Novice: 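Questions regarding the structure given below will be posed in turn.
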Amino acid sequence: MGVWTLHTYGVTRGSIALKAYYIKDLAEKIGQDVEIYGWVYRKRRHGKLIFVVVRDSSGIVQISIRKGSVPEESFEAAKAADIESSIRVLGVVKEDERATGGVEVACTMLEVVAPSPDFPIQEDTGPEALLDIRHLTLRSTESQKIMKMKMGLVKAAREFFDGEGFYEVFPPILMGVAGEGGGTLFSLDYFGQTAYLSQTAQLHLEAAIFSLENVYSLTPSFRAEKSRTRRHLTEFSHFEAEMAWCDQKENEGIQERLVTHICNALGERYAGDLECFDQDPAYFRDMEPTFERILYDEAVSLIQETRPDFCFGADLGFEEEKVLTEHFEYPFFVQRFPMSIKAFYMKQEGDRAVCADLEAPGGYGEIIGGSQREDDLESLMARIAAEGEDLEKYEWYLDLRRYGSVPHSGFGMGTERLLRWILKLDHIRSACLFPRTPARVYP
RNA sequence: GCCGUCAUAGCUCAGUCGGUAGAGCGCCCGCCUGUUAAGCGGAUGGUCGCAGGUUCGAGUCCUGCUGACGGCGCCA
């Protein structure tokens, strides 16, 4: 058995360090002896020949186990191995066109590390049942691809911010006051006072720009709305950025460069995975940071072409967004909503907010909401009072306007929303490891 | 908060006019040396979401409840 210690780096079963290599690398090891650790993905028995498809984090490969070519215990172990049992395999890598991927491992030894009796997922398991056992559903190759691409998205976003000289900061999740008026908050007992889970880090990022000027954060945000839609979670990954000395025009420029950088990077680095989701990598790879911009008024006109009953002054509902997004191939900005339907902290010009939402094409909804912030103390106080909010709770926020206020802007980007649009996922839940919705906080 | 749909085996579903609960897949057993979520044979598997009501008789009809799902609103 000396040859095998070569591949385990002297580590034997029972005291495993790291795997020597991963399934995706086997194509470069034709003719070599290899050791594979993984999980049984598929099994097909043919009497004296058994095929086991083994899965690890990097991919899958077919193992052929022939009676007579392996010790009798190995053949019996293969015969008995359940779907998703963890196994250790020794064998020789061979090219074989009959195997998926063109590579197969001819087994010389197989042992079950731990069994997996009655694994509950099978071909026709429905979406609700899959969510009930999300902790097991994550093992699917589709979930693997989504999780890997989500990491790629976050990595690309951080690259962008880093390249633009932003500082990453780490704002609190436990909050004493609401971030945005109106939205429902999750509350909890905080040593006898009521505290809330953050809906947005924006207000705290605004404080940070007076120190670091350009900042961003990636935090969970919570919305206690019973939103039963395919684009809402009660907990989501929120990229937020805030920039001092920045007007709305430059704010939009940063947003489109950010989204474009992310798309370019994914188009280049995840071309194969994008194709698995029927997406054209070239569309993302070649995207340019020149998104179209339309005014809210123009959006209303476009909507009225097909929905004459839609009235000026209303917010764009989902049906309206869907109509609107059919006019665009790439994400686009809708600018200058009426102040009456936007948040108190936005800068006001006439009856309009100095703001823009970035909409994904194809009815996938709003990816980014951003605005120039109100930097004038009196206007801000009047706005907070008009919302019926207690000014005292916002004293610290108002201090930011009392001590060296600056023009500044910022935005928030929903990570799962962006990923959902890129992969055209049916539901935002699929873009999340353990999605939290009004009816689900388990598992 | 509002509107709608659904709830039967581990999973996906069928169940006619109200008359003793069905299929496929999975699990289990047997056969099979090139399969691609293999194939063939056998066996197992049920508080029909819960509580009432109508009826000689309810998975089926009626009432209430619960839960999940889908859509709206809200937003990222």
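The shown structure was predicted, so the numbers you read here are calculated from the model rather than taken from an experiment. In what follows, every chain begins at residue 1, and chains take the letters A, B, ... in the order their sequences are listed.
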Novice: Between residues 114-123 of chain A and RNA chain B, which residues have a heavy-atom gap below 4.0 Å?
Specialist: A:Asp118, A:Gln122, A:Glu123

Novice: Does the side chain of A:Arg429 get closer than 4.0 angstrom to OP1 or OP2 of B:G70 through an N or O atom?
Specialist: yes

Novice: May I ask you to check whether A:Tyr270 and A:Phe284 place their ring centres under 6.0 Å from each other?
Specialist: no

Novice: May I ask you to verify if any side-chain N or O of A:Arg231 is less than 4.0 angstrom from the OP1 or OP2 atom of B:C72?
Specialist: yes

Novice: Classify the nucleic acid contact of A:Glu104 as base, sugar-phosphate or nothing, counting any heavy atom under 4.0 Å across all strands shown.
Specialist: base

Novice: Flag the pair A:Arg98 and A:Glu104 as a salt bridge only when some basic side-chain nitrogen lies within less than 4.0 angstrom of an acidic carboxylate oxygen.
Specialist: no

Novice: Check the phosphate of B:G70 against A:Arg228, side-chain N and O only, distance under 4.0 Å to OP1 or OP2. Yes or no?
Specialist: yes

Novice: Using the C1' atom in both, what is the distance from B:U44 to B:G1, to the nearest Å?
Specialist: 48 Å

Novice: With a 4.0 Å limit, can you tell me whether A:His427 has a side-chain N or O closer than that to the phosphate oxygens OP1/OP2 of B:G70?
Specialist: yes

Novice: What is the ring orientation for A:Phe222 with A:Phe186, classed by angle as parallel under 30°, tilted 30 to 60°, or perpendicular over 60°?
Specialist: perpendicular

Novice: Write down the distance between CD1 (A:Ile65) and P (B:U35), rounded to a whole number of angstrom.
Specialist: 16 Å

Novice: Would you write out the dot-bracket form of RNA chain B, 5' to 3', with Watson-Crick and G-U pairs under 3.5 Å, [ ] for crossing pairs, | for pairs to other strands and . for unpaired bases?
Specialist: (((((((..((((.....[..))))..((((.......))))......(((((..]....))))))))))))....

Novice: Rounding to a whole Å, what distance do you find between A:Arg42:CZ and B:G26:C1'?
Specialist: 13 Å

Novice: Indicate, yes or no, whether a donor-acceptor pair under 3.5 Å links the base of B:G70 to the side chain of A:Thr229.
Specialist: no

Novice: Below 3.5 Å is the cut-off: list the nitrogen or oxygen pairs between protein and nucleotides 5-7 of chain B, distance only.
Specialist:
none

Novice: Does NZ or CZ of A:Lys29 come closer than 6.0 Å to the centre of the six-membered ring of A:Tyr21, within 45° of the ring's axis?
Specialist: yes

Novice: Check each residue of residues 413-425 of chain A for a non-hydrogen atom within less than 4.0 Å of any atom in RNA chain B, then write out the ones that pass by number, or none.
Specialist: A:Gly414, A:Arg417

Novice: Select base, sugar-phosphate, or nothing to describe what A:Thr125 touches, counting heavy atoms under 4.0 Å on all strands.
Specialist: sugar-phosphate

Novice: Side chains of residues 170-177 of chain A: which donor-acceptor pairs under 3.5 Å do they make with residues two or more places apart or in other chains?
Specialist:
none

Novice: Going by heavy atoms closer than 4.0 Å, what residues in residues 434-443 of chain A are next to RNA chain B?
Specialist: A:Ala439, A:Arg440

